[in-house]
Every structure is written in C-alpha cells, then in structure tokens.
Amino acid sequence: MLFWFIATAITAIACAALFYAAGRRMVNLSDPDLDDANSHFRLVLAGIDTDLAAGKLGEAEAEAARGELAREILRLKAEAGRVARRSLNFGRPALLAGLGAVAVLALGLYGLLGSPNTPGQPLASRADVAAQSIDLDAAIARIEAQLTANPDDLRGWTVIAPAYLELRRFADAARAYRRIIELSEATPDLLTSLAEALMLDAGGAGSAEAMDLLRQAAAADPGHVLSRLYIAAELTRAEQYPEAAAAWQAALALSQGDEPWLAAAQQGLAVAQNGGVAPANDAEAEMIGQMVTGLAERLAAEGGSVEEWTQLVRAYLVLGDVASAQGAYGDAVAAYPQAFDRGELDTLALGAGLTLNGVQP
C-alpha cells in the first residue's frame, strides 16, 4: 500500500509540474523580437532623414517613406499580438485531460504487468552479472572438479586444454590433450596441439616427443600446414638447416598466397637457406655492403683478428653472397691456419655450408 501511495504522489507531482510549465504566463513574450525590430526601424527612419538632408529625397518622397515605415511597424505589432494570443490560448482543459490520461495509463499498466510486492534481488545473485564476475581461474577450478568426479568427460577436457595453454600451465595442457586423444582419436590437430604444449613446457630446449607427434600429424594429413610449420621451426632452432629448408618449402607448397603465416614461412626459409642468418633487405644490404667493403679492404691490406674475419664472413652471409663468404673464409684460414684459433668462425662456416679446409661439409 505504501508503494502505491508513493507512486501516486510522484505521478501527481510530475503532472502538476508539466501543467504549470504549460500554463498561461507572460514572460517577456515577443519583447526581444519587437526590440530588435524597433532598432531596425529607427535606423531606417534616421536614413530617411539623412537622405532628405542630403537632397537625395524630396519632401514628398521622404513623407511617403515615413508612412510606409509606420505601416510596417503597425503590421509587425499586430502580428506579434496574434502570436501572443495563440501561445496563451494553448487549451488548458485539453492539457489537463492529457496529463490525467497519461497518469492513469502508467499506473494502470504497472498494476497489471508489474510486481510491486516482489522483494529486491541482490546484484550478485543475478545470473548475467554473476556470469560476468566469474574469472578464468574460477571457471577452470569448476571444470577440474567436474573432471575429478568424471574423468571420462571428453567435453570437459576439450574445454580445459586450451585454457591451460592460456594460463601457461603447459604440463597440464599436455596432460589434457593426452586425455582427449585417449577418449577420442589422434587427429592431426590434436597431435599438433599436444606437441605445442610439450614444446612450450620444454621452454625452448626442444622435445623429441613433440617432433615425433608433429611428424605423425604431417604423415596423417598431407595438407596439414600447422604441423609442417612447427617441424620447420624446430629444425631451424636445432640448426639443421638443410632439413629445415626442405620443411619450410613443404609448408609453402601448401600455401594459396594469402595466408597470415606466409611471410613468416618465407623468412624462415631464407634463414635456413642462409645458414641460420637472416638475409638483409635492400636498405640494410646497402648499408652493410658499404661497411663490408671497408672491412674487407682493410683486412686484405693490413690483416686483422679472427673476430674481424668472422664478422666479415657473417656479413657476406647476411648479404647472401656465399661466394665472397667462401673467399673471406679461405683468407681467414690462411691468416689463422691453426683450427683451435677459428672455433666460432669454423662453426659459422659449417652452418652456412661453406667448404672447410678443402672439404664440403
């Protein structure tokens, strides 16, 4: 009952405010317009007098202009009066009836459709807000509890495995993918996902099991790109550049030309073909070429340390000039004939496929 009393009172106050706002009052109605018009007419009248004094108008013409101006002033005042009367005669009975109808309709509809006696519902208990407040950790905890009670719930494992990856719980993700494979089948996608979890869990150290899984996925589906990309990346990381180059080419052969991974695969192929060194672009190649020329001329004329020879060979490899790299390596071997002096240089040459001491690796 208290609710209806408050609702009725608020509705009555609102209607009264609207009725008062539309009531008949004079608040400087049309005065600003008339003031502006009067200022204009005074200027026009002063102009008539000025033209008369200057001889531009005769007395009869000036008098006729003043009469026309007077008629215009009377017409404007009459029109302003009509506007004021129309605005003041809005129709108070009609307004009152309309406000009453709105009030009755609003209260009637709420009484029919509303539930004023329903108690307030706390915000935290509302389903939509509660759903928004559940974070990923709480959701995973729920799924884990369900999987503990029902370890054969394939849907639960399928949901929680990528969530583990998102939280960087790589060992748990690998365990979840193994369980999915046990409950379903070893598809190329699942094998690749398991391999990904194992590689991430290894932290860049590599995983023999992951490589086996990736090769199984690639063998099971000749068109499976992701497994081949992972294989190529792992071979590049392991510095097995000839095998990596072949793996990158196998992945690129499956491209349609607009895949998001295409540029990265092309870069990977270039690195593998260049002995693990990323080739330079045009701007970098020009800058490096200028430095390389100076370094090569100085080493040829004055000699240098083995580190400088290594820098020269690496620069040629970055530029993709394998022949010059081979020549610089030969000059370095002549300058430092003892193999123990050239440890890093020989490793670089071996990875790039250069001839070592007359023998092609």
Side-chain angles (χ1 to χ4, degrees), residues 199 204-206 208 211 214-215 218 228-255 257 259 261-361:
M199 289 186 294
M211 285 298 289
L214 291 171
R215 289 192 171 100
R228 285 170 170 76
L229 291 174
Y230 272 126
I231 291 172
E234 277 297 287
L235 290 172
T236 304
R237 183 199 59 78
E239 299 182 358
Q240 300 179 28
Y241 299 123
E243 296 87 347
W248 287 119
Q249 290 169 342
L252 288 169
L254 300 174
S255 169
E259 290 82 359
W261 50 265
L262 183 59
Q266 291 171 338
Q267 180 70 12
L269 175 60
V271 170
Q273 291 176 333
N274 203 31
V277 181
N281 56 36
D282 293 341
E284 292 173 342
E286 181 179 359
M287 181 179 63
I288 295 174
Q290 294 173 355
M291 294 188 296
V292 167
T293 300
L295 179 60
E297 291 175 352
R298 182 173 63 82
L299 289 176
E302 305 173 4
S305 65
V306 68
E307 289 79 10
E308 290 177 315
W309 284 107
T310 304
Q311 180 182 358
L312 179 61
V313 173
R314 180 178 288 109
Y316 279 132
L317 291 174
V318 170
L319 293 174
D321 190 350
V322 179
S324 296
Q326 181 66 65
Y329 176 72
D331 294 338
V333 170
Y336 293 90
Q338 299 298 324
F340 59 81
D341 292 331
R342 308 189 311 268
E344 182 182 355
L345 177 59
D346 285 352
T347 301
L348 175 64
L350 179 65
L354 301 182
T355 301
L356 302 183
N357 298 325
V359 179
Q360 179 73 22

So do the side chains of [X] and [Y] get within less than 4.5 Å of each other, counting heavy atoms only?
X: Asp346; Y: Tyr329; value: yes
X: Thr236; Y: Trp248; value: yes
X: Leu299; Y: Leu312; value: yes

inquiry  = Donor-acceptor pair, distance only, cut-off 3.5 Å: does the side chain of Arg228 make one with the backbone of Ala218?
reply    =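 Yes, because the side chain of Arg228 sits within donor-acceptor range (under 3.5 Å) of the backbone of Ala218.
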
Test item: Glu308 side-chain N/O and Ser305 main-chain N/O as donor-acceptor pair under 3.5 Å =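 Checked: pair present.
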
Gap separating the CG atom of Leu214 from the CD1 atom of Ile231, nearest 0.5 angstrom =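 Going from the CG atom of Leu214 to the CD1 atom of Ile231 covers 5.0 Å.
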
ask   = So how far is it from Gln273 CD to Gln249 CD, rounded to the nearest 0.5 Å?
value =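 So the CD of Gln273 and the CD of Gln249 are separated by 5.5 Å.
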
Which atoms form the tightest heavy-atom contact between [X] and [Y], and what is the distance?
X: Ala244; Y: Ala232; result: CB-O, 3.9 Å
X: Leu269; Y: Ala245; result: CD1-O, 3.5 Å
X: Tyr241; Y: Ala272; result: CB-O, 3.4 Å
X: Gly206; Y: Arg237; result: CA-NH2, 3.3 Å
X: Ala265; Y: Leu229; result: CB-CD2, 4.1 Å
X: Gly304; Y: Tyr336; result: O-OH, 2.7 Å

request  = Apply side chain to side chain contact (heavy atoms under 4.5 Å, CB included) to Trp261 and Leu252, showing your working.
outcome  = CA-CA 9 Å; Trp261 50 265; Leu252 288 169; 4.2 Å; yes

ask   = Less than 4.0 Å between a side-chain N and a carboxylate O, is that true for Arg314 and Glu344?
value =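 Yes.
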
inquiry  = The test is side chain to side chain contact (heavy atoms under 4.5 Å, CB included); show your working for Leu235 and Met211 and say whether it passes.
reply    = CA-CA 9 Å; Leu235 290 172; Met211 285 298 289; 4.2 Å; yes

